[in-house]
Amino acid sequence: MPELPEVETVRKALSNLIINKTIRDIDVFYTKIVRNVSVEEFKYSLENRVLKRIDRYGKYLIFNFGEVSLISHLRMEGKYFIKNADMPKEKHEHIIFYFTDGDTLRYHDTRKFGTMDLIPTKDIYIDSPITKLGFEPFNKELTVAYLQKRIQKKGTAIKTVLLDQTIITGLGNIYVDEVLFLSKLNPTKSANTITKIEIKAVIDNSIKVLNKAIKLGGTTIRSYTSSLGVTGRFQNELNVHTKKDLPCPICNTLIKKIKVNGRGTYYCPKCQQ
DNA sequence: GTGACCACCTGGCCGC
DNA sequence: TGCGGCCAGGTGGTCA
């Protein structure tokens, strides 16, 4: 499932391939992916526009077409492929953007969870899905004081809080498990009992884990593989996630798998007490 | 404001 | 072999 590093990998790959291309036509085969406007408006607003650049905030991709931007969330299994227009449509390709040069950008999503919103570019940070998001771990405004203030009334598990994108954006199930392992925090510990030192460790380790994952192209795991021939290598660096019943890399205690708020959660019962 | 739960969706896996 | 049921999980909505 794409988290911040995977989305950044996709952003870089797409930027190298489709910037400055002009959209000639769009086919939408599964209309629910387009959320905030009708399919007709979606097509009308984007056709004949030139893709200026691709940005990212948290797990969202922002395709900037000048006056309007397309905000895309890949959710569980969304992927983009670039193919020639004469290639046949494959199963699970739900939206196809046709460029004037004969290439196409194809949105592929096995589970149809992904979303696209069309937003006036001037409103991206005022009125869009991005508006609600918290700071990315790299943001200097994500301080110990900020995080302490946001979690001091949270009686839920620290893992649940770190998955809340309105507090910190970019961490998903895989990386939260890794961050908590490096921070020696039990994923079920109540967020409002976390000390300042532990909060500092969470922030530092979030930056460390995400930077390393971005450098390695993200994580290729389970059903999710990246598009465009890009395969992440961070799965080789995982300490606990998917390591149930395997020895902890630090103390050799067997890694446990539990559920935290319905999410599969891996941790070392000795290192993360 | 907070927390718990559910829906969305399909492929893979497991047990019968 | 075929079938049914469960699981995976990010986000948004609903309800208490």
Side-chain angles (χ1 to χ4, degrees), chain A residues 1-8 10 28-37 56-62 71-80 90-95 107-117 119 127-134 136-137 147-180 187-194 206 210 213 218-227 232 235 238 240-245 256-267:
Chain A
M1 58 304 298
E3 301 182 25
L4 189 153
E6 290 75 30
V7 177
E8 178 61 15
V10 171
V28 179
F29 301 100
Y30 184 72
T31 58
K32 283 188 178 179
I33 289 171
V34 180
R35 289 195 302 185
N36 70 327
V37 293
R56 179 194 55 72
Y57 192 84
K59 303 175 193 175
Y60 287 86
L61 282 168
I62 306 167
I71 299 181
S72 166
H73 196 302
L74 304 174
R75 295 286 181 99
M76 307 302 300
E77 295 188 17
K79 303 178 185 73
Y80 282 102
E90 290 191 11
K91 192 179 180 185
H92 305 309
E93 286 180 355
H94 303 304
I95 297 182
Y107 180 70
H108 179 290
D109 192 342
T110 309
R111 294 190 198 173
K112 299 178 175 174
F113 273 15
T115 60
M116 293 187 192
D117 290 88
I119 306 286
D127 183 20
S128 82
I130 288 171
T131 316
K132 304 171 194 166
L133 300 178
E136 290 186 348
L147 202 48
Q148 190 177 35
K149 188 179 177 186
R150 292 298 306 271
I151 70 174
Q152 63 187 2
K153 290 180 182 174
K154 297 280 186 184
T156 48
I158 182 66
K159 168 154 183 175
T160 303
V161 169
L162 295 181
L163 284 172
D164 184 343
Q165 302 298 300
T166 67
I167 297 174
I168 298 181
T169 186
L171 293 175
N173 204 38
I174 299 172
Y175 296 117
V176 166
D177 280 358
E178 294 301 309
V179 167
L180 290 172
T188 63
K189 189 171 181 179
S190 281
N192 56 12
T193 65
I194 304 294
S206 297
L210 292 180
T219 304
T220 304
I221 199 171
R222 291 207 195 96
S223 59
Y224 184 78
T225 53
S226 185
S227 58
Q235 67 274 13
L238 295 174
V240 288
H241 195 82
T242 70
K243 306 290 184 186
K244 183 189 173 191
D245 293 334
K256 272 193 174 181
K257 183 184 181 186
I258 57 172
K259 288 259 189 184
V260 176
N261 203 27
R263 301 293 148 92
T265 300
Y266 301 82
Y267 76 106

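Because the structure is a prediction, the values reported are computed rather than measured. Quick note: numbers below take in every heavy atom, side chains included, and nothing from hydrogens, waters or symmetry partners. Each chain gets a letter, A, B and so on, in the order the sequences are listed, and its residues count up from 1.
- Counting distance only, with no hydrogens placed and no angle test, the side-chain atoms of A:Arg263 and the base atoms of C:dA8 include no donor-acceptor pair under 3.5 Å.
- As a whole-Å value, the separation of A:Lys59 NZ from C:dG12 P is 10 Å.
- Closest approach of A:Leu61 to A:Tyr80, counting heavy atoms only: CD1-CE1, 3.9 Å.
- Considering all non-hydrogen atoms of both residues, A:Ile174 and A:Glu3 come closest at N-OE2, 3.0 Å.
- Between the CD1 atom of A:Ile33 and the P atom of C:dT11 there is a distance of 16 Å, rounded to whole Å.
- Atom-to-atom, CG of A:Leu133 to P of C:dT11 comes out at 8 Å; the value is rounded to the nearest Å.
- Put simply, CD1 on A:Ile258 is 13 Å from P on C:dA8, counting in whole angstrom units.
- For the residue pair A:Thr166 and A:Arg150, the shortest heavy atom distance occurs at O-NH1, 3.1 Å.
- Spacing between atom CG of A:Asn261 and atom P of C:dG10 amounts to 11 Å, rounded to whole angstrom units.
- Taking atom CZ of A:Arg111 as the reference point, atom C1' of C:dG10 lies 11 Å away to the nearest angstrom.
- Of the two residues near DNA chain B, A:Lys154 and A:Lys32, the one whose nearest nucleotide lies more 5' is A:Lys154.
- Looking only at side-chain heavy atoms (C-beta outward), A:Tyr267 and A:Lys159 stay at 4.5 Å or farther from each other.
- Computed from coordinates, the A:Arg75 CZ to C:dA8 P distance equals 19 Å when rounded to whole Å.
- Listed here is the closest heavy atom pair of A:Thr115 and A:Arg75: CG2-NH2, 3.8 Å.
- Here A:Lys112 does not reach the OP1 or OP2 of C:dG10: none of its side-chain N or O atoms lies under 4.0 Å away.
- Environment of NZ in A:Lys256: sparse, with no more than 12 heavy atoms of neighbouring residues, nucleotides or ligands closer than 6.0 Å.
- Aromatic pair A:His94/A:Phe29: centroids not less than 6.0 angstrom apart.
- Across all strands shown, A:Gly262 has no heavy atoms under 4.0 Å from either base or sugar-phosphate atoms.
- Taking atom CG of A:Asp117 as the reference point, atom C1' of C:dT11 lies 12 Å away to the nearest angstrom.
- In the region residues 156-165 of chain A, proximity to DNA chain B at under 4.0 angstrom, judged on heavy atoms, holds for A:Thr156.
- Ion pairing between a basic and an acidic side chain is recognised when a charged N comes within 4.0 Å of a carboxylate O; A:Lys257 and A:Asp245 show no such pairing.
- For A:His73, a side-chain nitrogen or oxygen approaches OP1 or OP2 of C:dT11 to under 4.0 Å.
- In this structure, A:His108 and A:His92 have perpendicular ring planes: the angle between them is above 60°, well past the 30° mark.
- Nucleotides of DNA chain B that come within less than 4.0 Å of any heavy atom of chain A span, from the 5' end to the 3' end, B:dT2 to B:dG11.
- Comparing A:Pro129 and A:Phe113 by the nucleotide of DNA chain C that holds the closest heavy atom to each, the one mapping nearer the 5' end is A:Phe113.
- Among the nucleotides C:dC7, C:dG12, C:dG10, the one closest to the side chain of A:Glu3 is C:dG10.
- From A:Ile95, atom CD1 reaches atom CD1 of A:Ile33 across 5.0 Å, with rounding to the nearest 0.5 Å.
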